[in-house]
There are 2 protein chains.
Amino acid sequence: MADPQVPAGDPAAGPSKSELKKRQKALEKEQKAAEKAAKQQELALQQAAAEVDYATEFYGPLPLHQSQTRPGIPRVQISSLSARDGETVLFRARVQTSRAQGNKMVFLNLRQRADSVQALVTVTPEKVSKQMVKWTGALADESIVLVHGVVKKSPELIKSASVGDVEVLISQIHLISGIEGRLPFTLDDASRADTDEVPTEDGKAQQFSRVLLDTRLNNRVVDLRTQTNQAVFKLQSAIGDLFRQFLSSNGFIEIHSPKLQGAATESGASVFKVSYFKGSAFLAQSPQLAKQMAIAADFERVYEIGPVFRAEDSNTHRHLTEFMGLDLEMTIEEHYHEVMELLDGLFLSIFRGLKEKYQNEISIVGKQFPADENVKLTFRQAIDILVEDGVPRESLDDINKYDTDYFIIDKFPMELHPVSSDRLFVYLTYFTTQTLSNSYDFFMRGEEILSGAQRIHEPVLLAEKMRSKGVDPDSMKGYIDAFRMGCAPHGGGGIGLERVLMLFLKLNNIRRASMFPRDPKRLDP
Amino acid sequence: MADPQVPAGDPAAGPSKSELKKRQKALEKEQKAAEKAAKQQELALQQAAAEVDYATEFYGPLPLHQSQTRPGIPRVQISSLSARDGETVLFRARVQTSRAQGNKMVFLNLRQRADSVQALVTVTPEKVSKQMVKWTGALADESIVLVHGVVKKSPELIKSASVGDVEVLISQIHLISGIEGRLPFTLDDASRADTDEVPTEDGKAQQFSRVLLDTRLNNRVVDLRTQTNQAVFKLQSAIGDLFRQFLSSNGFIEIHSPKLQGAATESGASVFKVSYFKGSAFLAQSPQLAKQMAIAADFERVYEIGPVFRAEDSNTHRHLTEFMGLDLEMTIEEHYHEVMELLDGLFLSIFRGLKEKYQNEISIVGKQFPADENVKLTFRQAIDILVEDGVPRESLDDINKYDTDYFIIDKFPMELHPVSSDRLFVYLTYFTTQTLSNSYDFFMRGEEILSGAQRIHEPVLLAEKMRSKGVDPDSMKGYIDAFRMGCAPHGGGGIGLERVLMLFLKLNNIRRASMFPRDPKRLDP
């Protein structure tokens, strides 16, 4: 079709030749301009493409880690960054939080265990693109990233990070593992003390949102990531180490006794029953039998760290159906006080060790669970409580005072050891008179952390005592037989690991001291 | 009454006065003699009485030990006696054997744990009576006595005692705990190697009486008293210590995961079911789930020492229904070989530690369980066995050789990991291709002592793999959820403590490496 704007040649009213040339030139000019514009546009597009491209290798998700290569590039710990000013480093970390500042900069709080550092990505020609910044800002909290960057002294201390004197200028950031769905709660919320408050505009205090214990336990894997919990379980591990070190240096060896038992030591109600091939077995309520048999087998001094199972339907702040028992048993030369003194030395060694070597972890936990003077029980208060319970004050002379939080009651008055079904077996193995027993209980902040006793090593007396309480000695033949073949006088005790940890750190609920706690209503996760 | 021998005066036939005087004198003489004899007899009786008495305080049974006094007299260890020549010592020990020499001397072999010394009681005026010697000679083997005596250099080395350069001259010996009934076997019989032989008069070798493994296990408390078993369980304790020391110095913390699980990870057949209040629970077959969840919770490097339960009806020399698992799990930076190398370092550290620090215990065990070259598997033999099993020889290039007893197989060929019911869960968590897996197995003397792998940390792939094998991912929701909240690449492995101990010491049956073993037929003692 002819162009209506360029009339066809009409000799009667047609433009002059010069006019045509002019038009021709203008047309050429337009064409050139269009070409130039197209070129410029192409260039702009190329530039735009280049703006995406120049950082693509520096960010984005990594392929699923299947150990396909091993370049051998060293990775560092966040805790070491203060000493690496100016270094280019590579490390893996969680994104605890991210905060965009405009569209050209993102601040990240990066975390490893209980350590965190501030990092930032900022648009830099040919290095960090706007797209890279945008992608980084969109990373979900708790994503795991591999970060490459330069450590730089921070102009001022960054309070939100545990390593606050440096920050990391990110040059590369890749996603190792992302989040599917929503976090059940933020780690900031999970890390707050119950007493944390912020003043609002009208001057009234407003509390932060709380994470309930049940919500935490239902999502324990996320809950365990808080600085507080990282410290709690480092301290749990430390208590085990200190327990072993003290006993090992005092001539003890570690034993492992079976948790599957042929007979129930206690009344059926408090023992878990297991289907065992065509018969039944029971879960050990305590390693006491095995420890005593190890003494009858001449091991002299033994300890065990292992699970203890209690089928008691107790839903309190201090009961678990499965907990870790730190147990020991030793021969006695002259007097059971030898055992009591060793246990006392053990506790003091554990507490001293924790305070000396783990001050950092203790103070981390202290921020979320501050000292609550109300849970403390003074020595005088303890005595008063016992007297109120009907114990003659003069019979409490044997209580050894150490400090207000930790004390020992020797010759435990029988009134305070009522022979309940779950105590029957322990009671049967004591030496007792009508009112006193060769036993001792250790208390911390008003709660029992250890009970122990000199055991009866004489089979005839033991069998008699069992019969007097309606327990058939034949039901525990293997145990009594051990003493028939000669056994040295001995005693021991058992400590609940979670209970000591809870009381030492004032966690107020034993579930917080167990990685994956079990109670009558909880078997998962 | 008149004395018939002294006739009454008869005037007709009466004796003369002088005769009478003579008789009188004779009578007086006789009376004096009688008195003297009576006195002598009394003296003799007194002397005889004194012979009984003069040692009564030096021997006999002690009253039942109930911690009534605490004199504070130091007691010594038999192991320290070599350095105490000339000292008067007090110690508690077992009577391993006693041998009378005439009726004036008794030799005792006294034992504490793995140490023994010769002692003797010999009649000594005013100190050791014949009665004391007789009583001592009648003490049953395995009685526990409190001995007071003087240490004396022995004229020649006493081969029957571990402390052979001294002996103890007993001045006092009291019974602390006796034996009721008969010992099931003597400790000498229980301590013999299977290869021990004595030549008889006709020149043929005659074997000593053997104690069968079942008899030992039925009377485990007595069996455990042998020097061999004292050493075996000291070494078991040592392996745990070396395991922890290595991992602790490599940044690991110890965790404790629950053995009571809400869901069975494997097919019901190989998992023990527990009555849990009004519902059911299952005993953990492995701490793998919990370890992996600890990694998802950012603990980075964790280990656990705890019981593992397997409801497999396997009655072999190497299966137990309950054994101690030494487990670890760690994040991976670049390649799962990081885990494999750490595990390799761990084993070498354990073996080196045992050889360096426990040479005495190893050689004690070696006397009863000597090196049997037949149980050794050379590297070449191991390869040959794998090739016979159908593995192409060229695919075995990745086997790392260390020495003839210990080697690692990397990228374990899938053919050798048949997906049996008890392996299904482990298999599901591997990264695998059609023929190879990101897994490794460690062997010792031809038997597996560790298996481990890089785990799948990506929840979608993990769920897919489960479904492909007919496992409903919802049945393990808590586990998969842990990975949905982001998880670092990781791997780990598990070691059976008793299996390593059995193979290291060539005990030939895993029951010998467990203090109170549990198998499908044994729940007691």
Side-chain angles (χ1 to χ4, degrees), chain A residues 64-67 70 75 113 142-144 177 179-181 221-222 224-225 234 237 240 253-260 262 272-275 277 281 290 293 296-298 300 307 313 322 324 333-336 431 438 454 458-459 478 482 484-489 515-516 518 520 523-525, chain B residues 64-67 70 75 113 142-144 177 179-181 221-222 224-225 234 237 240 253-260 262 272-275 277 281 290 293 296-298 300 307 313 322 324 333-336 431 438 454 458-459 478 482 484-489 515-516 518 520 523-525:
Chain A
L64 181 61
H65 190 305
Q66 292 190 69
S67 300
R70 197 179 185 189
R75 299 187 183 185
R113 300 197 222 197
E142 294 298 301
S143 297
I144 300 176
S177 178
I179 304 298
E180 199 187 289
V221 164
V222 177
L224 288 171
R225 293 181 194 158
K234 193 164 179 185
S237 179
I253 67 162
E254 184 178 21
I255 63 168
H256 303 290
S257 70
K259 303 309 151 202
L260 291 166
F272 289 116
K273 193 173 177 178
V274 182
S275 298
F277 302 101
M293 289 163 83
D298 288 357
E300 292 282 335
D313 198 1
E322 177 178 352
M324 288 307 295
E333 299 294 353
E334 293 182 344
H335 200 286
Y336 77 86
F431 281 111
N438 277 8
Q454 178 177 3
E458 206 289 308
R484 291 204 173 99
M485 295 298 110
C487 184
M515 192 168 267
F516 299 108
R518 294 293 181 256
L523 274 171
D524 193 60
Chain B
L64 181 62
H65 190 306
Q66 292 189 72
S67 301
R70 197 178 185 189
R75 299 187 183 184
R113 302 198 222 195
E142 294 298 302
S143 298
I144 300 176
S177 178
I179 304 297
E180 199 185 289
V221 164
V222 177
L224 288 171
R225 293 181 194 159
K234 193 164 178 185
S237 179
I253 67 162
E254 185 178 20
I255 63 167
H256 303 291
S257 70
K259 303 309 151 201
L260 291 166
F272 289 116
K273 193 173 176 178
V274 182
S275 298
F277 302 100
M293 288 163 83
D298 288 357
E300 291 283 336
D313 198 0
E322 179 179 350
M324 288 306 293
E333 299 293 353
E334 293 182 345
H335 199 285
Y336 76 87
F431 281 111
N438 278 8
Q454 178 178 1
E458 206 289 309
R484 291 203 172 99
M485 295 298 110
C487 184
M515 193 168 265
F516 299 108
R518 294 293 181 256
L523 274 171
D524 193 60

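None of these values were measured; they are calculated from a predicted model. Residue numbers start from 1 in every chain, and the chains themselves are labelled A, B, ... in the order their sequence lines are given, proteins ahead of strands.
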(request) Check the pair A:R113, B:E300 against side-chain contact (heavy atoms from CB on, under 4.5 Å), reporting the backbone distance first and the verdict last. (result) CA-CA 8 Å; A:R113 300 197 222 197; B:E300 291 283 336; 3.4 Å; yes
So what's closer than 4.5 Å to chain A heavy atoms on [X]: side chain, backbone, both or neither?
{"X": "B:I253", "value": "both"}
{"X": "B:S275", "value": "both"}
{"X": "B:P520", "value": "both"}
{"X": "B:M485", "value": "both"}

Closest approach of [X] to [Y] (non-hydrogen atoms, all atoms of both residues):
{"X": "B:S257", "Y": "A:E322", "answer": "O-OE2, 4.1 Å"}
{"X": "A:Q454", "Y": "B:H65", "answer": "NE2-O, 3.2 Å"}
{"X": "A:A281", "Y": "B:L523", "answer": "CB-CD1, 3.8 Å"}
{"X": "B:L260", "Y": "A:R518", "answer": "O-NE, 2.7 Å"}
{"X": "B:P258", "Y": "A:F516", "answer": "CG-O, 3.5 Å"}

(request) Identify, with sequence neighbours excluded, every residue that meets side chain to side chain contact (heavy atoms under 4.5 Å, CB included) alongside B:E142. (result) B:R94, B:R111, B:I179, B:L183, B:L187, B:R225
(message) Whether the side chain of B:S177 engages the backbone of A:C487 through a donor-acceptor N/O pair (distance < 3.5 Å, no angle test) should be reported.
(response) yes
(request) For B:S67 and A:H335, indicate whether the former's side chain and the latter's backbone hold a donor-acceptor pair under 3.5 Å. (result) no
